[in-house]
Every structure is written in structure tokens, then in C-alpha cells.
A.B. asks: 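Shown below is the structure under consideration.
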Amino acid sequence: MLPKIGILCAGDDELAPFLPLLDRRSVRRQAMLTIHEGWISSVPAAALYSGVCKVNAAIAAQVLIDSCRVEAIINAGTAGGIDPSISIFDTVISTETAYHDVAEDILTEFHPWMDSIWFPGDPFLLSLATQAAQDSGRPVRFGRMVTGEAVRSAFHPLCADMESAAVAHVCHANGIPFLSIRTITDSADRSAAACFEENCRRASEIAAQVTHALFKRLAAGGPCLIAKGELP
């Protein structure tokens, strides 16, 4: 049986492109969240939008794990480009994710006692994403993402958002595979607020397309991978 995948978006515009993809969709409410469950390309899925910010994202991630029994979470949606080589409507997939506004020893010397501040992307999901990137026909980059309020250039991220590291944090604490797929709405040399409003819907559609390509790859190769013990 294929693993159930959680899709966590920050906003309703980011979630909207996923809803038509869900077959046999059911809807319920929990913790002030609307949860959509069904199948995407024959893969069981639960999708929701959390609302913006780290705490909202963390609540939603724990609901997906505890209530929906997902076995992996993909944080899909939009982000702001940081690296000068990143263009609007490029999609970034996280090889590792960190908070850029949290003191490093908070994560390494206290719960969850990490070896570093970086939450790595799940290797299995990354391997699927590499194939999905080719299938999507979109410009896709793999690299670091950071989450927080004031970006520190020392992290050298491709992009920044307000939720990914929080979702990765919850997944790490629960032993759940995590990946973030974010499409760029604005860049460091463009007005962020204006560009986000203008580009959010299209960027959300692209992020959903790339994520859907990953689901198709999972549906095609998942049973074989499970038999080989390559799924978490």
C-alpha cells in the first residue's frame, strides 16, 4: 500500500490548485483547520492550509501526523527568492531547511538536540523530486531554504518563507519524512509585496504541478520501492 502523504500550504491560494487533483475528496474540520482527504494519482493524501507563520504551520503539521496519519509531509506553495540566480516562477525544492532567526544552540543544546541547525530533506522524497522535476518541464532548483522574519545572508539560501522550517521541525520530532516545494513569487531586487500579490496564484499552480509530478512518480514506483524497503 502506498504511504499517505500530507500536503501543507500556508494560504488558501496555495492550496487551491491541489483540490481538483483530489479524487473521492472528503472534508472535515479540526483545530480550526479544514482538512481535505482523498487520493492524488492513486496516492492517499490529506491537504490543508495552515495560515501564515511558524506556529500555525507547526499546528497543522501535527494535525496531519496525529489525526490524518500521514507518513510524510510536503510543504508546498510560494517563497521569496534570495539567491540572485533565482528567477520569479522558478521552483525550489529543499535539500535542507533552517530557521534564520533562531539562535543556533536552541536546537542543538535543547529539544530536539540536533547535530546542526539544518533539517535535511528526506532522501527518498528528494529522489522522487529529482525525477518529478524532469517530468514537470519547469525550471526547478535544489538547495537551501530558510524560514523566519529577517534573512541572514550567512545562510546562503536560495529562497525564504515563513513556514518550511517549522514544518520540518515537527516532522523531525515525529520521525516523519519532509520536503518543501516552493515556487518563487518575488526576488531580492523586486518589490516583494506587490510581486507576491501579482504572482501568487500562478506560482501556486506551478508548485502544485511539480508536487503532482512527484505523486505520479510515487504511484508508478512506490510498490516496488516498498518491496525493496526503500520507503521510510
Side-chain angles (χ1 to χ4, degrees), residues 7-11 13-15 17-18 49-54 56-58 60-61 73-102 116-122 125-126 128-130 132-134 136-172 178-214:
I7 298 171
L8 194 160
C9 304
D13 283 342
E14 292 164 302
L15 178 66
F18 287 102
Y49 76 89
S50 63
V52 174
C53 89
K54 291 178 280 191
N56 282 334
I73 293 179
I74 296 173
N75 181 211
T78 65
I82 301 299
D83 189 283
S85 68
I86 293 292
S87 300
I88 290 174
F89 298 136
D90 284 357
T91 298
V92 176
I93 296 177
S94 62
T95 56
E96 51 187 354
T97 308
Y99 300 106
H100 58 67
D101 58 355
V102 173
S116 79
I117 62 169
W118 293 99
F119 298 99
D122 178 70
L125 292 178
L126 277 170
L128 286 180
T130 300
Q134 298 171 351
S136 71
R138 305 292 318 181
V140 177
R141 297 278 301 277
F142 290 77
R144 286 180 166 181
M145 291 185 183
V146 293
T147 296
E149 305 299 330
V151 179
R152 290 165 55 187
S153 60
F155 286 90
H156 305 293
L158 293 180
C159 65
D161 62 65
M162 297 179 67
E163 298 84 24
S164 290
V167 182
H169 190 158
V170 173
C171 288
H172 176 82
F178 167 82
L179 197 68
S180 188
I181 300 175
R182 298 271 190 155
T183 300
I184 304 303
T185 57
D186 53 87
S187 57
D189 61 349
R190 300 281 298 276
S191 171
C195 285
F196 175 80
E197 293 298 329
E198 178 183 350
N199 297 326
C200 179
R201 183 167 296 182
R202 178 61 183 144
S204 299
E205 291 171 353
I206 294 169
Q209 290 168 9
V210 175
T211 306
H212 190 199
L214 187 153

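No experiment lies behind these values; they were computed from the predicted model shown.
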A.B. asks: Does a side chain donor of either Ser164 or Ser180 reach within less than 3.5 Å of an acceptor in the other side chain?
C.D. replies: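 A donor-acceptor contact under 3.5 Å links the two side chains.
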
A.B. asks: List in chain and number order the residues that pass side chain to side chain donor-acceptor pair (under 3.5 Å) with Thr211, two or more places apart in sequence or in another chain; answer none if no residue qualifies.
C.D. replies: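 Result, side chain to side chain donor-acceptor pair (under 3.5 Å) vs Thr211: none returned.
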
A.B. asks: Show, in sequence, the C-alpha distance, side-chain angles and deciding distance for Arg141 and Ser85, and conclude whether the side-chain hydrogen bond (donor to acceptor under 3.5 Å, both in side chains) test is met.
C.D. replies: CA-CA 10 Å; Arg141 297 278 301 277; Ser85 68; 3.0 Å; yes

A.B. asks: Looking only at heavy atoms, what is the nearest atom pair of Phe18 and Ala76, with distance?
C.D. replies: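 That closest heavy-atom pairing would be CZ-CB, 3.7 Å.
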
A.B. asks: For Ile86 and Leu158, work out which heavy atoms get closest and say how close.
C.D. replies: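 Looks like CG1-O, 3.7 Å.
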
A.B. asks: Can you name the residues that form a ring-ring contact (aromatic ring centres under 6.0 Å, His included) with His212, not counting sequence neighbours?
C.D. replies: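 If we apply the ring-ring contact (aromatic ring centres under 6.0 Å, His included) test to His212, skipping adjacent residues, there are no hits.
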
A.B. asks: One thing to verify: whether Asp101 and Lys54 come together as a salt bridge, which I'm taking to mean a side-chain N less than 4.0 angstrom from a carboxylate O.
C.D. replies: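 Result for this pair is yes, salt bridge flagged.
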
A.B. asks: Report the C-alpha distance between Ile181 and Val140 in whole Å, list the side-chain angles of each, state the deciding distance to 0.1 Å, and finish with yes or no for side-chain contact (heavy atoms from CB on, under 4.5 Å).
C.D. replies: CA-CA 9 Å; Ile181 300 175; Val140 177; over 6 Å; no

A.B. asks: Within this structure, what is the CG-SG distance for the pair Asn75 and Cys9, rounded to the nearest 0.5 Å?
C.D. replies: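 Interatomic distance, Asn75 CG to Cys9 SG, rounded to 0.5 Å: 7.5 Å.
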
A.B. asks: Mind running side-chain hydrogen bond (donor to acceptor under 3.5 Å, both in side chains) on Thr183 and Thr91 for me, showing each step along the way?
C.D. replies: CA-CA 4 Å; Thr183 300; Thr91 298; 2.8 Å; yes

A.B. asks: Yes or no on ring pair (Phe, Tyr, Trp, His ring centres under 6.0 Å) for Phe119 and His169, after CA distance, side-chain angles and deciding distance?
C.D. replies: CA-CA 7 Å; Phe119 298 99; His169 190 158; 5.4 Å; yes

A.B. asks: What distance separates Ile184 CD1 from Ile206 CD1, expressed to the nearest 0.5 Å?
C.D. replies: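 Going from CD1 on Ile184 over to CD1 on Ile206, the span is 10.5 Å.
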
A.B. asks: Can you find a heavy atom in the side chain of His172 that is under 4.5 Å from one in the side chain of Pro120?
C.D. replies: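 Not in contact.
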
A.B. asks: Can you see which heavy atom on Ala61 is nearest to which on Val170, and at what distance?
C.D. replies: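 Result for this residue pair: CB-CG1, 3.8 Å.
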
A.B. asks: Determine which pairs satisfy salt bridge (Lys or Arg N to Asp or Glu O under 4.0 Å) with at least one residue from residues 80-90, sequence neighbours left out, and list them in order.
C.D. replies: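 Pairs touching residues 80-90 that pass the test: none.
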
A.B. asks: I need the single residue from Cys159, Pro157, Pro139 that forms a side-chain contact (heavy atoms from CB on, under 4.5 Å) with Val92. Which is it?
C.D. replies: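 Among the candidates, only Cys159 passes.
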
A.B. asks: Quick one: do the Thr147 and Asp161 side chains pair a donor with an acceptor below 3.5 Å?
C.D. replies: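 Yes.
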
A.B. asks: Identify the two heavy atoms, one from Ala129 and one from Ile93, that lie closest to each other, and give their separation to 0.1 Å.
C.D. replies: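 Heavy atoms only, the tightest pair is CB-CD1, 3.8 Å.
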
A.B. asks: What heavy-atom pair brings Ala79 and Ala160 nearest, and what distance separates the two atoms?
C.D. replies: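 Shortest heavy-atom separation between Ala79 and Ala160 comes out as CB-O, 3.5 Å.
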
A.B. asks: Nearest heavy-atom pair of Cys200 and Asp13: which atoms, and what distance?
C.D. replies: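 For Cys200 versus Asp13, the nearest heavy atoms are SG-CB, 4.0 Å.
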
A.B. asks: Roughly how far apart are Thr95 OG1 and Phe142 CZ, rounded to 0.5 Å?
C.D. replies: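 Going from the OG1 atom of Thr95 to the CZ atom of Phe142 covers 9.0 Å.
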
A.B. asks: In sequence, state the C-alpha distance, the side-chain angles, and the governing distance for Ile74 and Leu214, and then conclude on side-chain contact (heavy atoms from CB on, under 4.5 Å).
C.D. replies: CA-CA 10 Å; Ile74 296 173; Leu214 187 153; 4.0 Å; yes

A.B. asks: Judged by atom type as modelled, is there a donor-acceptor pair below 3.5 Å linking the side chain of His100 to the main-chain atoms of Gly148?
C.D. replies: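 The answer is yes, because a donor-acceptor pair under 3.5 Å joins these two groups.
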
A.B. asks: Rounded to the nearest 0.5 Å, what's the gap from CD1 on Ile88 to CD on Glu198? Could you check?
C.D. replies: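 Rounded to the nearest 0.5 Å, the CD1-CD separation comes out at 7.5 Å.
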
A.B. asks: Quick one: do Glu14 and Arg201 make a salt bridge, cutoff under 4.0 Å?
C.D. replies: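 Salt bridge absent between Glu14 and Arg201.
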
A.B. asks: I would like to know whether Val167 and Phe178 meet side-chain contact (heavy atoms from CB on, under 4.5 Å); could you show each step before the answer?
C.D. replies: CA-CA 8 Å; Val167 182; Phe178 167 82; 3.5 Å; yes

A.B. asks: With distance as the sole test, does Glu163 use its side chain to make a donor-acceptor pair with the main-chain N or O of Ala10 at under 3.5 Å?
C.D. replies: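 Checked: no pair found.
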
A.B. asks: Show your working on side-chain contact (heavy atoms from CB on, under 4.5 Å) between Gln209 and Ser136 and close with a plain yes or no.
C.D. replies: CA-CA 7 Å; Gln209 290 168 9; Ser136 71; 5.7 Å; no

A.B. asks: With heavy-atom distances below 4.5 Å as the criterion, would you say the side chains of Asn199 and Thr78 are in contact?
C.D. replies: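 No - every pair of side-chain heavy atoms lies 4.5 Å or more apart.
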
A.B. asks: Which distance, rounded to the nearest 0.5 Å, do you find between the CD1 of Ile82 and the CG of Asp186?
C.D. replies: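 Reported to 0.5 Å precision, the distance equals 8.0 Å.
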
